[in-house]
Amino acid sequence: MASNYISATVSSILLFLFCSSSLFGASMAALVQEQPLVLKYHNGALLKGTVTVNLIWYGKFTPIQRSIIVDFLQSLNSPKAPNPSAASWWKTTEKYKTGASTVALGKQILDENCSLGKSLKNSHIVYLASKGGYMGRSVNLVLTAKDVFVEGFCSRCGSHGSTRGKIRFTYAWVGNSEIQCAGQCAWPFHQPIYGPQTPPLVAPNGDVGVDGMIINLATVLAGTVTNPFNNGYFQGPATAPLEAVSACTGMFGSGSYPGYPGQTLVDKSTGASYNAHGVNGRRFLLPAMWDPTKSACSTLV
């Protein structure tokens, strides 16, 4: 079994970055010349064409919470939402070799009673993911509720990987961090554990935990299609790679620097911050993604 562990706000990195920001300030950070960021292609297969995402809901999610995540997935290929949109964000994955990855929503499996208990190991995640089946070009996505503890949670906010052997499939996991480590996995909708305690942004869908899950889901899903088997696009060691979105940690809008997510769009009536429109009037805050044509992290706004 191979697995890439991805955190939208990894605490050890943020500790250094936030302290750097505190010491030198935004003006000094702006003077530092940015070096080109290159994610090397390791000649492996990518998930292109129609990619079916099967959802395994583990623990109790409200119907509204489930609809937020389903709407996000359905927004990735919807031309209906105005720009900037989740679809225009996802379109960057087309610039990775061999064309487009079109996300299609597959089956949904509910395990509200937590059949494996509320403390899961990594092997449990793979087992739960296997319930989604073994279709070609599919991602079995395990989503854990706020009161479910997962091994390594908080040092990572989500993960993706693939199984080995005759039956091989890709899978991903994202947890709701609302009551466990929102300062790490739901930033910038919650105050960070380290660094300046600036006021958090208002979550666009009114749910800090689930809006944080969207950020981490965007991270692992982009990583899955561009590096599904540990031989796609990444920088650094295969055991701890920087991928399409995890290479751009903490960047959501123009002018971002460590500890500051950048300029976002703001809803005048609610004060909520967002940078992407979706289906059914949804709005999301999506992280920057590495653009192969620019060799740089690209934000929507």
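The first residue of the sequence shown is numbered 1, and numbering continues consecutively from there.
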Mind checking the [atom1]-[atom2] spacing from [X] to [Y]? Nearest 0.5 Å is all I need.
| X | Y | atom1 | atom2 | value |
| --- | --- | --- | --- | --- |
| Thr219 | Leu286 | OG1 | CG | 9.0 Å |
| Gln74 | Asn280 | CD | CG | 7.5 Å |
| Asn227 | Leu46 | CG | CG | 8.0 Å |
| Ile109 | Lys131 | CD1 | NZ | 7.5 Å |
| Leu120 | Cys114 | CG | SG | 7.5 Å |

Does either side chain, that of [X] or that of [Y], offer a donor lying less than 3.5 Å from an acceptor on the other one?
| X | Y | answer |
| --- | --- | --- |
| Trp57 | Glu112 | no |
| Ser75 | Ser78 | no |
| Trp173 | Thr144 | yes |
| Glu178 | His190 | no |
| Asp207 | Gln65 | yes |
| Asp71 | Ser67 | no |

With ring centroids as reference points, do Tyr171 and His160 lie under 6.0 angstrom apart? no
Any sub-3.5 Å donor-acceptor pair from [X]'s side-chain atoms to [Y]'s backbone N or O?
| X | Y | value |
| --- | --- | --- |
| Arg137 | Gly49 | no |
| His277 | Pro82 | no |
| Asn176 | Ala145 | no |
| Asp211 | Asn205 | yes |
| Gln235 | Lys40 | no |
| Asn275 | Phe252 | yes |
| Arg282 | Ala276 | no |

Aromatic rings Tyr257 and Tyr260: how do their planes relate, parallel, tilted or perpendicular, breaks at 30° and 60°? tilted
Name the orientation class of the two ring planes belonging to Tyr96 and Trp290 (parallel below 30°, tilted from 30 to 60°, perpendicular beyond 60°). perpendicular
Neighbour count >12 (heavy atoms, 6.0 Å) for atom NZ, Lys48: yes
Within the supplied structure, the quantity of interest is the number of heavy atoms (other residues, nucleotides, ligands) at a distance under 6.0 Å from Tyr127 OH; does it exceed 12? no
Does Phe284 belong to the same Ile/Leu/Val/Met/Phe/Trp/Tyr cluster as Val70, with side-chain heavy atoms less than 4.5 Å apart forming each link? yes
Stepwise disulfide (SG to SG under 2.5 Å) test for Cys154 and Cys181: CA-CA 6 Å; Cys154 298; Cys181 47; 2.3 Å; yes
